[in-house]
Amino acid sequence: MTIRMNTDIMDYFDLVDISLEALKTAPRKLFEKMIRLIINNFHAYEIELERLSLQIDDIHTLPVDDINEIYDTLLHSIDDIKLLKNKLEQIKDKDILFDELYLQIDKLYTSLIIYLDRIGQLEVRILQENKKSA
């Protein structure tokens, strides 16, 4: 039940740079396809995180063997998303699609924070249940 986050979020930095260059030099349609592809990928991550966050109430065991690993992965992803948000903050005024991408990244960031919080709540709930049964 753990999210399979794309740990290559930093690769999107290159795609954003390429998209920015495409905006200047390539046909508009190519630029739009590139940005839409990125937006759709991040939207899919957001939807998956929201789905998993909703399922946490029905879980009574940790979905991973090493909870620290999931925390590390989520915190790393959150840091990468923050860096990407900062990059997009600087260029979002160049085109409405960059602004849309920024808004999608912000939604993903919020979903990551909520999922991280829900995992923490699950861990506390399991610890409390184990303490009661001991």
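No experiment lies behind these values; they were computed from the predicted model shown.
- Note that Lys92 lies in the cation-pi zone of Tyr102, set by a 6.0 Å cut-off to the ring centre and a 45° limit from the axis.
- Rounding to the nearest 0.5 Å places CG of Asn41 at 10.0 Å from CD of Gln104.
- To the nearest 0.5 Å, atom CD1 of residue Ile105 and atom CZ of residue Phe42 are 3.5 Å apart.
- A 4.5 Å side-chain heavy-atom check between Ile47 and Glu50 finds at least one atom pair inside the cut-off.
- For the pair His76 and Asp72, the minimum side-chain heavy-atom distance is 4.5 Å or more.
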Distance-only donor-acceptor pairs under 3.5 Å for side chains of residues 32-39, two or more places apart:
unit_1: Glu32; atom_1: OE2; unit_2: Arg28; atom_2: NE; d: 2.9
unit_1: Arg36; atom_1: NH1; unit_2: Glu100; atom_2: OE1; d: 2.7
unit_1: Arg36; atom_1: NH2; unit_2: Glu100; atom_2: OE1; d: 3.3

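- Between atom CD1 of residue Ile119 and atom CD1 of residue Ile70 there is a gap of 4.5 Å, rounded to the nearest 0.5 Å.
- Side-chain atoms of Val16 and Leu101, non-hydrogen and from C-beta on, do get closer than 4.5 Å to each other.
- In this structure, CG in Leu116 is found 10.5 Å from OG in Ser77, a value given to the nearest 0.5 Å.
- Here CD1 of Ile81 is found 9.0 Å from OH of Tyr12. Values are rounded to the nearest 0.5 Å.
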Subject >> Candidate pair Asp99 and Asp93, rule side chain to side chain contact (heavy atoms under 4.5 Å, CB included), full reasoning >> reply: CA-CA 7 Å; Asp99 189 49; Asp93 294 333; 5.7 Å; no

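- The closest donor-acceptor contact from the side chain of Arg125 to the backbone of Ile59 lies under 3.5 Å.
- Of the inter-residue distances, the one linking Leu122 atom CG with Ser53 atom OG reads 11.0 Å to the nearest 0.5 angstrom.
- Between Arg51 and Leu54, the closest side-chain pair of non-hydrogen atoms is not below 4.5 Å.
- Nearest approach of Ser111 to Glu46, heavy atoms of both residues: OG-CG, 3.3 Å.
- Sorted by first and then second residue, the salt bridge (charged side-chain N to carboxylate O under 4.0 Å, His left out) pairs involving residues 16-27 (not counting sequence neighbours) are Asp17-Lys87.
- Leu84 and Phe13 make their closest contact through N-CZ, 3.4 Å (heavy atoms, listed as atom of the first residue, atom of the second, distance).
- Between Phe98 and Phe31, the distance separating the two ring centers is shorter than 6.0 angstrom.
- One hydrophobic cluster holds both Leu49 and Leu75 under the rule that ILVMFWY side chains link at heavy-atom gaps under 4.5 Å.
- Counting only heavy atoms from C-beta outward, the side chains of Leu108 and His43 never approach each other to under 4.5 Å.
- For the pair Leu112/Tyr45, no side-chain contact is recorded, criterion being any heavy-atom separation below 4.5 Å from C-beta on.
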Subject >> Worked verdict on Glu123 versus Tyr71 for side-chain hydrogen bond (donor to acceptor under 3.5 Å, both in side chains) >> reply: CA-CA 11 Å; Glu123 182 181 21; Tyr71 285 135; 2.5 Å; yes

Subject >> Steps toward side-chain hydrogen bond (donor to acceptor under 3.5 Å, both in side chains) verdict (Gln121, Asp117) >> reply: CA-CA 6 Å; Gln121 291 174 16; Asp117 181 59; 2.7 Å; yes

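- By the 6.0 Å contact criterion, CD on Glu89 is enclosed, its count of non-hydrogen atoms from other residues, nucleotides or ligands being greater than 12.
- Ile9 is not listed as a side-chain neighbour of Leu83, based on a closest heavy-atom distance of 4.5 Å or more.
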